[in-house]
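Whatever order the structure lists them in is the order used to number ligands and atoms, beginning at 1. All residue numbers in this chain count up from 1 along the given sequence.
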Amino acid sequence: MSGAVEQEAGTTVSVATGLGPDYTVIVEPGALDRLPVLLSEFAPAHRYALISDDTVFGLHGDRVMSLLAGTALQVEPFTFPAGEASKTRDTWAELTDRMLEARFGRDSVVIALGGGVTGDVAGFVAASYMRGVSFVQIPTTLLAQVDASVGGKTGVNLATGKNLVGAFHQPLLVLIDPQTLETLPPKQYRAGLFEVIKHGIIWSPELFELLETRRDAVIGRKPDVLERIIADSVRIKAHVVSQDERESGLRRILNYGHTLGHGLEAETGYQRLLHGEAVGWGMIAAGRLAESMGMFSSRDRERAEQLILAYGPLPDLSGVNAGAVAARIHGDKKTIGGKVHFILPTGIGKVEVTINPPGDQVLAATQAAIEVVAQ
Ligand SMILES: NC(=O)c1ccc[n+]([C@@H]2O[C@H](COP(=O)([O-])OP(=O)(O)OC[C@H]3O[C@@H](n4cnc5c(N)ncnc54)[C@H](O)[C@@H]3O)[C@@H](O)[C@H]2O)c1
Ligand SMILES: [Zn+2]
């Protein structure tokens with residue numbers, strides 16, 4: 001894949017954006033220690049607003065602040081309560097108010113230190129503050145490292161749905177230090193692994209096989225394997241979004257497992273599963289659907305399902321109504337002109353977009369996937 005340069009330590013991936021300049025993603029254990037020099041090189045600014053949730057700031061904030069303290073770089077922290085419930089216009093308003101009070105100007109840079117919630121909120125602050133200031137992402141969850149921090153989507157949730165207000169705003173730099181995951185709770189870590197599995201199924205038989213053969217090392221967060229799965233995921237996501245910044249074509253393949261996964265998240269009130277877990281389940285359902293439509297061999301379907309289940313357990317879904325989940329897909333934001341686009345696998349490392357698959361087969365696959373997880 002173009003744009004990826006393997007260095008002795010770490011991987012650097014360049015992401016093309018179409019409209020703006022390319023930006024750089026660095027995946028490197030210990031890279032956070034180089035923050036001052038990396039900021040000076042990639043995102044020089046008069047002042048930096050470090051936006052973080054209180055959990056992440058409590059764990060990693062002191063280190064980041066002290067790394068910058070001995071330099072000429074001026075940084076001020078702005079924190080908000082951790083969790084999806086903070087991904088709101090209220091948090092956005094409060095952060096921008098506080099930055100205004102602190103007299104941050106157009107020449108400041110926002111640094112997002114945290115998971116996908118922080119990246120999305122801080123990115124939206126950066127996209128809108130004084131009509132837009134630059135920003136740097138330092139993702140600290142696996143989900144944010146392999147998915148949310150690359151691609152330029154920012155935004156907040158409304159009461160009526162997730163991510164309904166936002167903007168595309170590309171960072172100047174994404175700094176991924178896998179060592180920051182050392183403090184991440186296991187459930188959060190595993191949830192992020194389902195997005196890594198997704199990258200294997202949609203694009204890379206090699207990544208898929210690595211996840212099969214090195215499962216214990218992956219779960220155990222062995223540094224070499226961890227770096228590799230993050231770097232592979234970033235390369236794949238970067239390649240896909242570079243081709244297609246605004247999600248018209250190729251970018252859709254990243255939604256594999258998400259159409260029914262979003263339906264399940266909504267149906268369970270966003271309480272029973274983490275997003276990544278819902279995607280894990282949605283990939284099982286989509287695999288079953290592809291098999292029933294004759295697109296995906298039984299052998300590959302089983303292999304994919306085994307891999308997903310090997311990274312479980314997924315939360316028990318007994319009592320969830322398959323019909324209600326399947327019905328939700330028509331309310332999904334990604335429905336285009338009443339059409340439902342399903343990303344269905346046709347092999348390990350290959351997917352196709354299928355429009356409006358037969359409703360009875362969608363329902364049967366949804367039901368079957370609920371039963372697989374209920375066992
Ligand atoms: N912009 C995109 O393209 C994109 C893509 C995928 C997901 N998302 C968004 O990302 C969000 C989910 O991201 P997430 O799962 O990272 O959620 P999150 O940011 O809420 O992080 C999950 C939890 O882990 C904690 N945490 C983060 N880093 C930690 C660390 N290193 N050690 C200990 N605890 C840590 C956080 O405080 C939080 O409680 C959703 O809002 C989703 O919509 C955005
Ligand atoms: Zn996702």
Side-chain angles (χ1 to χ4, degrees), residues 15 32 51-61 63-64 79-88 91 112-124 126-127 135 137-158 161-171 174 176-199 202 221 233-234 237-238 240-241 245-247 251-262 264-265 270 273-283 333-334 343:
V15 188
L32 195 54
I51 297 182
S52 194
D53 74 36
D54 50 11
T55 302
V56 174
F57 194 77
L59 291 164
H60 300 277
R63 175 164 171 225
V64 171
T79 63
F80 63 88
E84 188 75 28
S86 285
K87 205 174 120 174
T88 60
T91 304
L113 174 73
V117 165
T118 302
D120 281 9
V121 175
F124 190 43
F135 90 117
Q137 293 257 31
I138 309 178
T140 63
T141 61
L142 183 61
L143 184 106
Q145 295 188 350
V146 301
D147 187 356
S149 64
V150 176
K153 286 188 188 176
T154 74
V156 295
N157 303 329
L158 307 191
K162 285 192 57 169
N163 303 317
L164 290 179
V165 171
F168 277 90
H169 191 55
Q170 308 295 344
V174 182
I176 299 177
D177 184 344
Q179 289 173 359
T180 58
L181 299 182
E182 280 166 15
T183 54
L184 189 68
K187 193 174 162 69
Q188 293 285 348
Y189 176 70
R190 283 184 189 231
L193 286 174
F194 292 110
E195 301 278 4
V196 178
I197 293 172
K198 177 190 80 179
H199 290 135
I202 65 170
R221 311 184 201 187
S233 284
V234 166
K237 179 146 190 197
V240 170
V241 301
E245 198 191 340
R246 300 226 169 206
E247 197 160 5
R251 193 167 178 152
R252 275 202 196 113
I253 71 171
L254 298 167
N255 286 328
Y256 171 53
H258 282 63
T259 305
L260 282 168
H262 284 148
L264 179 64
E265 283 184 285
Y270 299 94
L273 303 96
L274 294 174
H275 170 73
E277 294 171 334
V279 171
W281 174 84
M283 292 191 293
K333 179 174 55 134
K334 305 240 161 60
I343 309 304

Residue portion contacting ligand 1 (non-hydrogen atoms closer than 4.0 Å) for Asn157:
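It is neither; nothing of Asn157 touches ligand 1.
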So for [X], does at least one of its heavy atoms come nearer than 4.0 angstrom to any atom of ligand 1?
| X | value |
| --- | --- |
| His275 | no |
| Lys237 | yes |
| Glu182 | no |

Could you list which atoms of ligand 1 come closer than 4.0 Å to a heavy atom of [X]?
| X | value |
| --- | --- |
| Asn163 | 43 (O) |
| His60 | 31 (N) |
| Thr55 | 37 (O) |
| Thr183 | 30 (C), 31 (N), 32 (N), 33 (C) |
| Lys87 | 9 (C), 40 (C), 41 (O), 42 (C), 43 (O) |
| Lys153 | 1 (N), 3 (O) |

Any nitrogen or oxygen of [X], main chain or side chain, under 3.5 Å from a nitrogen or oxygen of ligand 1?
| X | result |
| --- | --- |
| Asp53 | yes |
| Val117 | yes |
| Glu84 | yes |
| Gly83 | no |

Pairwise distance [atom1]([X]) to [atom2]([Y]) - rounded to 0.5 angstrom:
| X | Y | atom1 | atom2 | result |
| --- | --- | --- | --- | --- |
| Leu158 | Lys87 | CG | NZ | 10.5 Å |
| Glu84 | Tyr270 | CD | OH | 8.5 Å |
| Ile176 | Thr140 | CD1 | OG1 | 11.0 Å |

Provide, to 0.1 Å, the distance between atom 39 (O) of ligand 1 and the closest protein heavy atom, together with that atom's residue and name.
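Going atom by atom, the protein heavy atom closest to atom 39 (O) of ligand 1 ends up being Ala82 CB, 4.0 Å.
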Tell me which protein heavy atom sits closest to atom 22 (C) of ligand 1, plus the residue, atom name and distance to 0.1 Å.
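Scanning the protein heavy atoms, the shortest distance from atom 22 (C) of ligand 1 goes to Gln188 OE1, 3.5 Å.
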Let's go through Val56 and Leu113 carefully: what are the C-alpha distance in whole Å and the side-chain angles of both, what is the deciding distance for side-chain contact (heavy atoms from CB on, under 4.5 Å) to 0.1 Å, and is it a yes or a no?
CA-CA 7 Å; Val56 174; Leu113 174 73; 4.0 Å; yes
Can you give me the NE2-the Zn ion (ligand 2)-NE2 angle for His275 and His258, to 10°?
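NE2 of His275, the Zn ion (ligand 2) and NE2 of His258 span an angle of about 100°.
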Heavy atom to [atom], shortest distance: which of [options] holds it?
| atom | options | answer |
| --- | --- | --- |
| atom 31 (N) of ligand 1 | Val56, Val241, Leu181, Thr180 | Thr180 |
| atom 7 (C) of ligand 1 | Val156, Leu143, Leu274, Thr141 | Leu143 |
| atom 5 (C) of ligand 1 | Gly115, Ala148, Gly192 | Ala148 |
| atom 1 (N) of ligand 1 | Val121, Asp120, Leu184, Leu142 | Asp120 |
| atom 13 (O) of ligand 1 | Ala191, Gly116, Gly276 | Gly116 |

Knowing that exactly one of Arg63, His60, Gln145 qualifies, which makes a side-chain hydrogen bond (donor to acceptor under 3.5 Å, both in side chains) with Thr180?
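Going through the options one by one, the only one that passes is Gln145.
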For the residue pair Glu195 / His275, report whether a side-chain donor-acceptor contact shorter than 3.5 Å exists.
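Side-chain D/A pair, His275 to Glu195: present.
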Between His169 and Phe135 (judged by ring centroids, cut-off 6.0 Å), do the two rings come close enough to count as a pair?
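Between Phe135 and His169, which both carry aromatic rings, the centre distance is below 6.0 Å.
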Indicate yes or no for a side-chain donor-acceptor contact from Asp53 to the backbone of Pro81 under 3.5 Å, with no hydrogens or angles considered.
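No.
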Check: Glu277 main-chain N/O paired with Arg190 side-chain donor or acceptor under 3.5 Å
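No.
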If I take every N, O or S atom of Glu195, is at least one of them less than 2.8 Å from the Zn ion (ligand 2)?
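Here the distance criterion (N, O or S atom, under 2.8 Å) is met by Glu195, so yes.
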Which heavy atom of Asn157 sits nearest to which heavy atom of Asn163, and what is that distance?
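What the structure gives for the nearest pair is OD1-N, 2.9 Å.
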